[in-house]
Amino acid sequence: MCSVAKQWHIYSNQRSMPMSELTHKIQQGVIEAARALYGAELLPQQAVIQPTRKDFEGDYTAVVFPLMRLARKQPEAIGEEIGQWLCTHLEEVERYNVVKGFLNLVIADSYWNQFVRTQVDATDFGRFPASGQKIMVEYASPNTNKPLHLGHIRNILLGWSISQILEAAGHEVIKTQIVNDRGIAICRSMVAWKRWGNGTTPEQMGKKGDHFVGDFYVLFSKKFEEEYAAWQQTEVAERVFAERHQEGQSKAAFFKAFKNQYFNEFSPLGAEAREMLRKWEAGDEETLRLWRMMNNWVLEGFEETYRKLGVSFDKTYLESDTYLLGKEIIEEGLAKGIFHKDGKRIWIDLSNIGLGEKTIIKSDGTSTYTSQDLGTARMRYEEFGFHRLIYVVGDEQISHFQGLFEILRRLDEPYANGLYHLAYGMVDLPSGRMKSREGTVVDADDLIEEVVEEARQHAAERGEIAELPAEQQEDIVRKIGMAALKFFIIKVNPRKRMTFDPAESVDMQGQTGPYVQNAYVRIRSVLRKAADYEAKHAADYETLQPGERELVKLLYQYPEVVATAAREYDPSHVANYAYNLARAFHKFYHDYPILKAESEAARAFRLELSRMVARVLEQAMHLLGIEMPERM
RNA sequence: GGCUCCGUAGCUUAAUUGGAUAGAGCACCUGACUACGGAUCAGGAGGUUGGAGGUUCGAGUCCUCCCGGAGUCACCA
């Protein structure tokens, strides 16, 4: 029996699919067998190796259909011959069977046993050696005019967990957010506070800063609506309607569509907000002071929510600092003839990727989203020298990023090919899309409070932790509630639009975070009771039971799962893996006695196996930003 | 209308990237501890993978055409 690799290796085939050492060995074996038996040269992708399906005997399966032509034989015969060859040449392969064109290989118990014993304490299991790659992940871009909501939560959880996963995959990760702290929106809140705020502060009102400011934003909208409704009764409005409405357009429809123009042309409140913005841009001291104060309130509120979510950033960019960037890069683009100029307006022709003309500098000479992003990308590169930059941003901005990346490629920026937009789908409610106007936006802080409260009630009913100090209980309940929320969001493939059912998100049974935590808690409980066992007896355990094999194989797959999640920027792989591992453990726990196992060897092996399951569960959940309680 | 994404059980979803009889959870029905924690386990029922063709040993997955939904097509961010 060859020894289990001391250090974990993940191999890649030509399509860079992550592959465990065992899979790789078997694949090489199949290729060599084909050469020896048939004189055929197989490409790696022609030698497909996969875990054996549950209903068949075996651990790994080689698909031999692709060999039919080369060998000029029936698939069953090929399976037999290759199986025979592998059995004699690979020590790990104990026996085989052939079903149709599938060659099922059984790995020796001693291999699995040794795997558990050598990896149970290996701190690098599921963590990869340093790649030397630096990856920047941008994953939150809130506006400072209102509090965070459910959409931000998905964004933040995805960004955080993909960062954790990339780190586990050996990359150096720089987590960053960009805060949109300027523009007309924040000016609206400022106007409202100035007019109706009476100099109050969040502290005085006992309110979180972001909610406090958000309320003024809402107040502005309300007052503006009132103003607009009143204006519609005036003669001026009558005249505007008469002059500008389209044929057959009703009055109601016209005024509904006219709102923005009213804001810009007629509204006193609108004028005030625009004047505020003008002063801000002119650097008016008083305006800046108000702006700074209100933004700080909001940012403090955000920080608190981030803390509750358990996320942080290495670097925060403020748009007020970055919105004028890009001058230099635009000059270069003009000099290279990539950009064109009409008066003050600067644009680029992106019709080659189906985007038409894209404005980079407006005809009044001011910047655009695109110019800011161009400048910011370069600044970040100069600051950090990243190899990759991943933008975790909603899928409604797909074409913006296509355009941005294309421009940077044409400018020949050295990092242009390392840019990636991780476009996640919007979060819908069972009632449909979240709409702030209809008050259906799910507030982040409320949601967090709700899931924790739900966990608190469950815990109270169960009574398991009732005798613990209140502080510990609260910590446990928080971990459980957050696990429910986070797991619920992360288990879905990021690019899919998801429906968020609040009732389901606080579920703690079935495919949920608390279910996974429960497996961990059970193991901890068993281990507490078995403090005295001797691990070395595990080596004497010769024949693995089916439930044990199932667990070991899942454990063995873990590094592959991490590698796949990192390659695809998809944390849902890790979530689903953690669930599967927890499920296999719950079943194992139910089917086999651990502490009262039939022999000293069985007891030791099962304890070691359980210990490793706990470690891997904890690690996997950690990658998702979910903490494990010791009891629950 | 152009481009992009999506469509899997009543609901929420998975499928090792072209592999075996499409897996789970919720909800519903039925069972299982005087056992190491029942936030558990086992069983039942529930599917023409939106539809029709095609490619091949083999298709939820690839190609074509339809149907349905979403996003985007700004001198907004």
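By convention in this document, chain letters (A, B, ...) are assigned in the order of the sequence lines, proteins followed by strands, and residues within each chain are numbered from 1. Note that the coordinates shown come from a computational prediction; the quantities given were computed from them, not determined experimentally.
Between B:U13 and B:G18, the distance separating the two C1' atoms is 22 Å to the nearest Å. Across B:U55 and B:U72, the matching P atoms stand 39 Å from one another, rounded to whole Å. Here, B:C26 and B:A39 have their P atoms 14 Å apart, quoted to the whole Å. Going from the P atom of B:U48 to that of B:G60 covers 13 Å, rounded to whole Å. On the P atoms, B:C41 is 23 Å away from B:G46, given to the nearest whole Å. Rounded to the nearest Å, the gap between the P atom of B:A59 and that of B:A52 is 15 Å. One P atom belongs to B:A45, the other to B:A22, and the distance between them is 15 Å to the nearest Å. As rounded to the nearest Å, B:C57 and B:C73 have P atoms that lie 45 Å from one another.
Atom C1' of nucleotide B:A24 and atom OH of A:Y577 are separated by 17 Å, given to the nearest angstrom. Between A:I49 atom CD1 and B:A20 atom P the separation is 15 Å, expressed in whole Å. The CG atom of A:D532 sits 16 Å away from the P atom of B:C36 (whole-angstrom rounding). For A:E504 and B:A27, the CD to P distance is 9 Å, given to the nearest whole Å. Rounded to a whole Å, the OH atom of A:Y520 is 21 Å from the P atom of B:C36. In this structure, the CG atom of A:L429 is 14 Å from the C1' atom of B:U12, given to the nearest Å. In this structure, A:Y579 atom OH and B:U13 atom C1' are separated by 11 Å, rounded to whole Å. Remark: C1' of B:G25 and CG of A:N576 are 11 Å apart, rounded to the nearest angstrom.
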Show me the protein contacts with nucleotides 55-65 of chain B, counting only N or O atoms at under 3.5 Å.
{"from": "B:C57", "atom 1": "OP1", "to": "A:R69", "atom 2": "NH2", "distance (Å)": "2.9"}

Give each protein N/O atom lying under 3.5 Å from an N/O atom of nucleotides 38-43 of chain B, with the pair distance.
{"from": "B:G38", "atom 1": "OP2", "to": "A:R522", "atom 2": "NH2", "distance (Å)": "2.4"}
{"from": "B:A39", "atom 1": "OP1", "to": "A:R462", "atom 2": "NH1", "distance (Å)": "2.8"}
{"from": "B:A39", "atom 1": "OP1", "to": "A:R462", "atom 2": "NH2", "distance (Å)": "3.4"}
{"from": "B:A39", "atom 1": "OP2", "to": "A:R462", "atom 2": "NH1", "distance (Å)": "2.0"}
{"from": "B:A39", "atom 1": "O5'", "to": "A:R462", "atom 2": "NH1", "distance (Å)": "3.2"}
{"from": "B:A39", "atom 1": "O2'", "to": "A:N518", "atom 2": "OD1", "distance (Å)": "3.1"}
{"from": "B:A39", "atom 1": "N9", "to": "A:R462", "atom 2": "NH1", "distance (Å)": "3.4"}
{"from": "B:A39", "atom 1": "N7", "to": "A:R462", "atom 2": "NE", "distance (Å)": "2.5"}
{"from": "B:A39", "atom 1": "N7", "to": "A:R462", "atom 2": "NH1", "distance (Å)": "2.9"}
{"from": "B:A39", "atom 1": "N7", "to": "A:R462", "atom 2": "NH2", "distance (Å)": "2.6"}
{"from": "B:U40", "atom 1": "OP1", "to": "A:G510", "atom 2": "N", "distance (Å)": "3.3"}
{"from": "B:U40", "atom 1": "O2'", "to": "A:R522", "atom 2": "NH1", "distance (Å)": "3.1"}
{"from": "B:C41", "atom 1": "OP1", "to": "A:Y515", "atom 2": "OH", "distance (Å)": "2.4"}
{"from": "B:C41", "atom 1": "O2'", "to": "A:H590", "atom 2": "ND1", "distance (Å)": "3.1"}

Dump the pairs, protein N or O against N or O of nucleotides 74-77 of chain B, anything under 3.5 Å, distances to one decimal.
{"from": "B:C75", "atom 1": "OP2", "to": "A:T359", "atom 2": "OG1", "distance (Å)": "3.3"}
{"from": "B:C75", "atom 1": "O2", "to": "A:S363", "atom 2": "N", "distance (Å)": "2.7"}
{"from": "B:C75", "atom 1": "O2", "to": "A:S363", "atom 2": "OG", "distance (Å)": "2.7"}
{"from": "B:C75", "atom 1": "N3", "to": "A:S363", "atom 2": "OG", "distance (Å)": "2.8"}
{"from": "B:C76", "atom 1": "OP2", "to": "A:K362", "atom 2": "NZ", "distance (Å)": "2.4"}
{"from": "B:A77", "atom 1": "OP2", "to": "A:Y369", "atom 2": "N", "distance (Å)": "3.1"}
{"from": "B:A77", "atom 1": "O3'", "to": "A:E319", "atom 2": "OE1", "distance (Å)": "2.6"}
{"from": "B:A77", "atom 1": "O3'", "to": "A:E319", "atom 2": "OE2", "distance (Å)": "3.4"}
{"from": "B:A77", "atom 1": "O2'", "to": "A:N180", "atom 2": "ND2", "distance (Å)": "3.1"}

Pairs: protein N or O with nucleotides 3-7 of chain B N or O, under 3.5 Å:
{"from": "B:C6", "atom 1": "OP1", "to": "A:R495", "atom 2": "NE", "distance (Å)": "3.4"}

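Using bins of under 30°, 30° to 60° and over 60° for the plane-to-plane angle, the ring pair A:F401/A:Y391 lands in the tilted bin. By the 30° and 60° cut-offs, the orientation of the rings of A:Y577 relative to A:Y558 is tilted. Ring geometry for A:F65 versus A:F102: interplanar angle over 60°, hence perpendicular rather than tilted (30 to 60°).
Phosphate contact (OP1/OP2 of B:A15, side-chain N/O of A:H573, threshold under 4.0 Å): present.
Annotation: salt bridge (charged side-chain N to carboxylate O under 4.0 Å, His left out) contacts of A:E76 (sequence neighbours excluded): none. For A:T61, the side chain to side chain donor-acceptor pair (under 3.5 Å) test picks out A:T52, A:N104, with sequence neighbours left out. The side-chain contact (heavy atoms from CB on, under 4.5 Å) check on A:N493 picks up A:R495, A:K496, A:D570, A:S572, with sequence neighbours excluded. A:H590 meets the ring pair (Phe, Tyr, Trp, His ring centres under 6.0 Å) test with no other residue; sequence neighbours excluded.
Both A:V521 and A:L103 lie close to RNA chain B; mapped to their nearest nucleotides by heavy-atom distance, the more 5′-ward contact belongs to A:L103. If A:L355 and A:N493 are placed on RNA chain B by their nearest nucleotide, the residue sitting closer to the 5' end is A:N493.
Annotated stems with RNA chain B as a participant read B:1-7 with B:67-73, B:10-13 with B:23-26, B:28-32 with B:40-44, B:50-54 with B:62-66, given as range with range, by first number; only runs of 3 or more Watson-Crick or G-U pairs under 3.5 Å qualify.
Pairing each heavy atom of A:A565 with each of A:V574, the nearest pair is CB-CG2, 3.7 Å. Smallest separation of non-hydrogen atoms from A:A423 and A:I398: CB-CG1, 3.8 Å.
A donor-acceptor contact closer than 3.5 angstrom is absent between the side chains of A:S189 and A:N145. Side-chain atoms of A:N352 and A:E406 form a donor-acceptor pair, as typed in the model, at a separation below 3.5 Å.
Within a 6.0 Å radius of CD in A:E357, more than 12 heavy atoms belonging to other residues, nucleotides or ligands are found.
In this structure the side chain of A:F605 never reaches within 4.5 angstrom of the side chain of A:H537, judged on heavy atoms. Looking at heavy atoms from C-beta onward, A:I594 lies in side-chain contact with A:F588 at the 4.5 angstrom threshold.
Counting non-hydrogen atoms under 4.0 angstrom, A:N104 reaches a base of the nucleic acid. Within 4.0 Å of A:Y592, counting heavy atoms only, lies at least one base atom of the nucleic acid.
Pairs engaging residues 476-514 of chain A under the ring-ring contact (aromatic ring centres under 6.0 Å, His included) rule: A:F488-A:F500 [sequence neighbours left out]. Listed by first and then second residue, the side chain to side chain donor-acceptor pair (under 3.5 Å) pairs involving residues 366-376 of chain A are A:D364-A:T366, A:Y369-A:Q397, A:D373-A:H400 (not counting sequence neighbours).
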**Request:** Would you sort out whether A:K491 and A:Y579 count as a side-chain contact (heavy atoms from CB on, under 4.5 Å), showing the intermediate values?
**Result:** CA-CA 9 Å; A:K491 74 179 179 185; A:Y579 169 72; over 6 Å; no
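Stacking here means ring centres nearer than 5.5 Å and ring planes tilted less than 30 degrees, and by that measure A:F102 stacks onto B:A20.
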Distance-only donor-acceptor hits, side chain of residues 502-515 of chain A, under 3.5 Å, sequence neighbours excluded:
{"from": "A:S505", "atom 1": "OG", "to": "A:P502", "atom 2": "O", "distance (Å)": "2.8"}
{"from": "A:T512", "atom 1": "OG1", "to": "A:M508", "atom 2": "O", "distance (Å)": "3.4"}
{"from": "A:T512", "atom 1": "OG1", "to": "A:Y515", "atom 2": "N", "distance (Å)": "3.2"}

